[in-house]
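Dropping the structure in here first, questions after.
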Amino acid sequence: MNRKLSFLLFVLLTALLVACGGGDTADTPADTPADTADTAETTDTAADTGSEAAADEKVTLTIESWRNDDLTIWQDVIIPAFNKEYPNIEVIFAPSAPAEYNGALNTTLEGGTAGDLITCRPFDASLALFDAGYLASLNDLEGMSNFGSVAKSAWITDDGSDVFCVPMASVIHGFIYNKDIFDEYGLTEPTTVDEFFMMLETIENDGKYAPLDMGTADQWEAATMGFQNVGPNYWKGEEGRLALISGEAKFTDPEYIAVFDQLASWGNFLPNGFEAQTYPDSQNLFTLGQAAVYPAGSWDISLFNDQADFELGAFKPPVTNAGDSCYISDHTDIALGMNADTPHPEAAKTFLNWVASSEFAGLYSNALPGFFSLSNAEVSIDDPIAQEFVSWRGECDSTIRNSYQILSRGEPNLENELWRVSAQVINGDITPEEAGQQLQDGLDAWYTPSAEAGKVAETAVAETDPNMSGSLVIESWRNDDLVIWQDVIIPAFNEHFPNIEVVFAPTAPPNITAH
Amino acid sequence: MQTPPTHPKKRKPFPTHIIVFLAPAVLIYTLFMIYPLIDSLRLSFISNETGGFVGFENYKTLFTNDLWSVRFWGALKNNFVFFLIHMLVQNPIGLLLAALLSRRTLRWTNTYRTLLFMPTMLSVVIIGFIWQLILSPLWGVAEGFMTFVGIEQYFQPWLGLENTTLPTLALISVWQFIGIPMMLFYAALLGIPDELVEAAYVDGATAWTVFWRIKFPLILPTVGIVGILTFVGNFNAFDLIYTVKGALAGPNFSTDIMGTLFFRTFFGQQLQLGNPEMGATVAAIMLLIILVGVLLYMVGWQRRIQTYEA
């Protein structure tokens with residue numbers, strides 16, 4: 001009897017515990033933020049009233065990001081630099097996998113458990129977060145004055161009234177190549193599409209290396225490193241992008257078919273079995289020295305610097321005819337915004353102001369070569385390949401990826417469709433014409449082009465930003481021309497781009513080859 | 001004699017203990033399964049744009065809007081292919097392995113059993129990664145092995161071609177989960193009384209006849225259970241495809257199954273924003289498909305099965 005009773009008691013207790021436990025779990029998400037909010041409020045009020053008096057209170061900020069590759073850089077370089085100035089704000093960089101970021105972020109924002117600072121994807125994705133009230137307006141952030149309108153265009157409302165993320169960096173597309181392989185075959189950097197394919201042919205005929213290194217298994221490289229990389233030269237950068245938005249151009253137009261034509265020919269020069277080749281496969285194949293040319297985003301530079309034991313070179317997307325004006329994809333890619341519900345708005349703003357500073361611009365651009373700061377502050381880049389990429393801004397007109405602004409607001413999503421059809425064109429499963437038709441059909445299903453939308457998009461600016469800054473060194477054997485460069489050519493250039501310093505540094509003619 | 005008269009039939013007291021015993025399970029189940037399920041169904045009747053109640057509008061969109069229906073029917077078809085491959089490959093091979101393992105004359109049974117069950121215990125992420133490496137056209141051992149055997153001309157980048165990716169992924173999944181039907185069949189086979197088998201042998205039956213006439217009919221209930229487990233598992237599948245092909249389930253959506261369609265719809269993908277309401281609609285359809293399947297099994301299979309307890 002006694003045993004029976006104690007057993008019953010035990011069961012009852014367990015049930016009770018479970019019931020309470022259940023209740024607790026349901027309450028916890030609400031409880032914890034409230035608790036932290038309480039402590040935060042005390043900190044904040046202290047900070048407000050006594051300004052520096054609150055220096056003893058420690059505040060912790062969490063940054064949500066998709067850049068898990070950059071974790072060590074944040075931990076070892078960026079956050080320590082910030083803490084030198086602001087020792088009482090602890091910053092935790094908490095990235096998730098790139099493919100999961102948007103989904104995870106939306107869920108945590110909805111559930112009220114997202115971090116204080118949110119890394120912003122450009123354009124529509126972040127705009128939707130702002131419209132839903134998850135991102136705070138940053139109009140009154142002093143640091144915002146360090147950015148031009150182009151930089152801000154990716155994180156601003158359509159009417160330009162609210163800006164909601166501090167621009168961090170843009171990425172540029174081009175091709176990175178293995179200089180040893182180019183030397184082996186006596187190849188030079190191609191400037192036209194014909195030269196590009198002749199170069200690939202030379203390497204292909206020998207069969208020792210894969211001429212072009214990309215796979216279609218993950219699909220996004222086909223669209224991003226393929227379509228968006230070489231495409232701007234065909235659709236004339238911003239002009240073509242805006243024409244798509246205003247409805248003056250369609251994906252079935254010859255310039256888009258021509259891009260897909262070029263991509264279709266890429267299939268002949270990719271490694272065997274490229275259909276099952278993933279993005280890390282491509283990176284490894286290139287750094288192992290088994291492939292000659294890698295269609296790149298500038299973010300690949302730091303990995304290649306670390307892993308490749310051969311000399312790297314880079315060339316910009318080839319143009320159709322020699323002398324054509326060139327266009328590059330200089331995509332405003334990454335920014336930092338503030339969770340509207342953060343319990344520490346003052347600390348978050350302090351951090352954002354620091355991110356907007358020239359100190360951060362320099363740190364970030366050099367710690368992560370290939371992410372080019374969008375700040376007006378003068379930033380000198382040390383990495384030669386990153387320098388090469390950024391130098392194209394001076395030679396070509398910049399544009400952003402055409403699927404990012406306005407055109408990704410409906411279903412089927414244009415970016416997803418671009419991934420799908422670009423991979424299929426390269427695989428040879430559909431023709432360039434079919435690809436153009438499918439894209440346009442998908443877009444027509446929900447998008448009514450309008451001149452107004454074109455106007456909105458124009459703020460993302462066609463011209464290269466005259467405030468762009470940097471310094472360039474020109475190597476040459478024409479030491480006789482030094483004076484001409486210094487007195488005529490460079491000053492003429494600086495009239496357009498006053499913030500880019502150009503140094504003409506010639507050597508005596510016989511020595512240049514030794515470099 | 002003031003003691004109350006004892007009832008001739010003592011009334012049973014209220015069965016409190018039943019409630020006490022059921023309470024933990026009911027509470028936990030309600031809180032973590034039933035409530036979320038009902039809330040998810042509720043979500044599927046709400047408009048994504050307005051946030052108001054729209055009845056079956058989301059379902060109508062899913063079935064009749066060309067953009068949605070093409071993906072939905074595609075995913076459903078792929079899911080059936082995925083399921084059929086499991087039914088036709090995984091379960092027969094599982095049965096074969098179990099039959100071999102239950103032979104008394106076989107040595108090292110435990111070793112085989114452990115080895116065959118190993119992949120089931122590994123994480124799907126690891127399985128996906130290992131097979132991507134094995135089948136990689138760049139560094140995989142598959143091509144080298146085929147060259148060694150002399151059939152290298154048949155090598156293809158199976159995980160990248162539109163018509164081979166889904167079957168390849170299904171076979172990888174079969175490889176991983178073969179241990180489960182094997183163990184279930186094995187346990188059922190061990191449960192068959194020796195007398196029956198011995199009697200059959202005495203009557204002059206061959207091993208083949210014994211298996212099909214005696215053992216197989218006796219394990220039919222397990223065959224049904226394995227079938228329904230495979231069905232439920234496959235229509236909830238998601239992880240392997242997501243690990244290897246991502247949420248866009250390429251190439252050209254050829255590996256898109258209900259799970260990836262749901263994930264992409266609910267959480268979004270790159271620039272595509274998540275649509276929880278439509279996601280819940282897809283989830284509700286998944287639930288419905290599984291419910292119908294399980295009901296068919298209950299009515300059509302389980303009630304007809306007779307067990308021969310020895």
Side-chain angles (χ1 to χ4, degrees), chain A residues 8 11-12 14-19 21-23 25-26 98-100 102-104 106-107 110 121 123-125 128 210 215-220 271-278 281-282 284-285 290 403-404 407-409 411-416 419-421 423-424 427 429-430 442 445-446, chain B residues 16-17 19-28 30-32 35 65-68 70-71 132-133 135-140 143 155-165 168 242 244-254 263-276 278:
Chain A
L8 232 153
V11 171
L12 257 173
T14 328
L16 213 77
L17 261 176
V18 166
T25 19
E100 279 149 30
N102 294 19
N106 290 343
T107 318
E110 250 169 65
R121 299 268 190 197
F123 297 105
D124 301 348
T216 55
D218 294 339
Q219 302 188 85
W220 67 268
N272 286 334
F274 65 86
E275 295 94 338
Q277 183 177 334
T278 63
D281 281 343
S282 307
N284 286 330
L285 194 73
Q290 294 178 22
S403 53
Y404 272 63
L407 297 186
S408 268
R409 291 181 187 177
E411 300 272 343
N413 184 277
L414 179 61
E415 177 74 359
N416 289 357
W419 290 19
R420 183 177 69 85
V421 301
Q424 274 193 292
N427 287 358
D429 290 337
I430 57 172
W446 63 270
Chain B
T16 327
H17 63 283
I19 292 180
V20 170
F21 280 120
L22 281 180
V26 169
L27 277 173
I28 295 176
T30 311
L31 200 68
F32 293 106
Y35 165 68
N65 182 319
D66 286 346
L67 299 168
W68 286 98
V70 63
R71 291 287 159 258
Q132 262 184 303
L133 273 183
L135 297 176
S136 164
L138 294 174
W139 8 77
E143 197 175 6
F155 180 81
Q156 284 189 308
W158 289 294
L159 280 176
L161 301 178
E162 208 173 315
N163 49 357
T164 59
T165 312
T168 311
Y242 181 71
V244 177
K245 301 309 292 183
L248 213 52
N252 194 25
F253 295 110
S254 63
F263 182 88
R264 208 171 52 237
T265 313
F266 194 98
F267 292 107
Q269 150 76 21
Q270 191 72 6
L271 302 185
Q272 176 190 329
L273 296 173
N275 184 337
M278 279 308 278

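Computed from a predicted model, the values in this text were never measured in an experiment. By convention in this document, chain letters (A, B, ...) are assigned in the order of the sequence lines, proteins followed by strands, and residues within each chain are numbered from 1.
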Contact check, side chains of A/Trp446 and B/Leu67, non-hydrogen atoms, under 4.5 Å
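A side-chain contact is absent here, since even the closest heavy-atom pair is not under 4.5 Å.
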
Heavy-atom contact with chain B under 4.5 Å, split by part of A/Thr216: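 Answer is neither: A/Thr216 stays 4.5 Å or more from chain B.
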
> Heavy-atom distance under 4.5 Å to chain B: side chain of A/Pro412, backbone, both or neither?
Replying inline: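 Looking at A/Pro412, backbone and side chain both touch chain B.
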
Q) Looking at OG1 of A/Thr278 and CD of B/Gln132, how far apart are the two atoms once the value is rounded to the nearest 0.5 Å? A)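 Going from OG1 on A/Thr278 over to CD on B/Gln132, the span is 6.0 Å.
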
- Query: At a heavy-atom separation under 4.5 Å, does A/Gln219 approach chain B through its side chain, its backbone, both, or neither?
  - Reply: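 For A/Gln219, the side chain is the part near chain B, not the backbone.
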
**Asked** Passes side-chain contact (heavy atoms from CB on, under 4.5 Å), B/Phe267 versus A/Thr107? Steps please.
**Response** CA-CA 8 Å; B/Phe267 292 107; A/Thr107 318; 3.3 Å; yes

B/Leu271 versus chain A, heavy atoms under 4.5 Å apart: side chain, backbone, both or neither?
->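 Both parts, backbone and side chain.
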
Is A/Trp419 in contact with chain B via its backbone, its side chain, both, or neither, using a 4.5 Å heavy-atom distance?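 The side chain, not the backbone.
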
- Message: Are B/Gln269 and A/Asn413 packed together at the side-chain level, in the sense that at least one heavy-atom pair is separated by less than 4.5 angstrom?
- Response: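 They are not in side-chain contact.
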
All ring-ring contact (aromatic ring centres under 6.0 Å, His included) counterparts of B/Trp68, not counting sequence neighbours:
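Not a single residue meets the ring-ring contact (aromatic ring centres under 6.0 Å, His included) criterion with B/Trp68.
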
- State the CG-CZ distance between A/Asn272 and B/Phe155, to the nearest 0.5 angstrom.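 Rounded to the nearest 0.5 Å, the CG-CZ separation comes to 9.5 Å.
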
Interface moiety of B/Leu248 toward chain A, non-hydrogen atoms closer than 4.5 Å: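 Its backbone and side chain both get close to chain A.
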
Chain B contact via A/Ala423 - which portion, at a heavy-atom distance below 4.5 Å: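 Looking at A/Ala423, nothing touches chain B.
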
> Any idea which of A/Ala217, A/Pro271, A/Ala276 has the most non-hydrogen atom pairs under 4.5 angstrom with chain B?
Replying inline: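 Between A/Ala217, A/Pro271, A/Ala276, the count favours A/Ala276.
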
**Request:** Could you list the residues that satisfy ring-ring contact (aromatic ring centres under 6.0 Å, His included) with B/Tyr242, not counting sequence neighbours?
**Result:**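 Applying ring-ring contact (aromatic ring centres under 6.0 Å, His included) to B/Tyr242 gives B/Phe238, B/Phe263.
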
Report the distance from atom CD of A/Glu275 to atom OG1 of B/Thr164, rounding to the nearest 0.5 Å.
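Going from CD on A/Glu275 over to OG1 on B/Thr164, the span is 9.0 Å.
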
Distance in Å, A/Gln424 CD paired with B/Ser254 OG, rounded so as to fall on 0.5 Å steps: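 Spacing of CD (A/Gln424) from OG (B/Ser254) equals 9.0 Å.
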
task: May I ask you to name which of A/Asp124, A/Asn427, A/Leu285, A/Asn284 has the most heavy-atom pairs under 4.5 Å with chain B?
output: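 Top count of heavy-atom pairs under 4.5 Å with chain B: A/Leu285.
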
Practice item. Find the distance between CD (A/Glu415) and CD (B/Gln272) and round it off to the nearest 0.5 Å. Key: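 Separation between the atoms: 11.0 Å.
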
Item checked: Verdict with supporting geometry, A/Asp429 and B/Asn252, side-chain contact (heavy atoms from CB on, under 4.5 Å) -> CA-CA 10 Å; A/Asp429 290 337; B/Asn252 194 25; over 6 Å; no

Q) If you tally heavy-atom pairs under 4.5 Å against chain B, which of A/Glu411, A/Arg121, A/Gln277 wins? A)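 Of A/Glu411, A/Arg121, A/Gln277, A/Glu411 has the most heavy-atom pairs under 4.5 Å with chain B.
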
_Would you compute the distance between atom NZ of B/Lys245 and atom CG of A/Asp218 and round it to the nearest 0.5 angstrom?_
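The CG atom of A/Asp218 is 7.0 Å from NZ of B/Lys245, to the nearest 0.5 Å.
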
Handout entry: Engaged part of A/Asp281 at the chain B interface, taking heavy atoms whose separation is under 4.5 Å
Key =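 Answer is both: backbone and side chain atoms of A/Asp281 are under 4.5 Å from chain B.
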
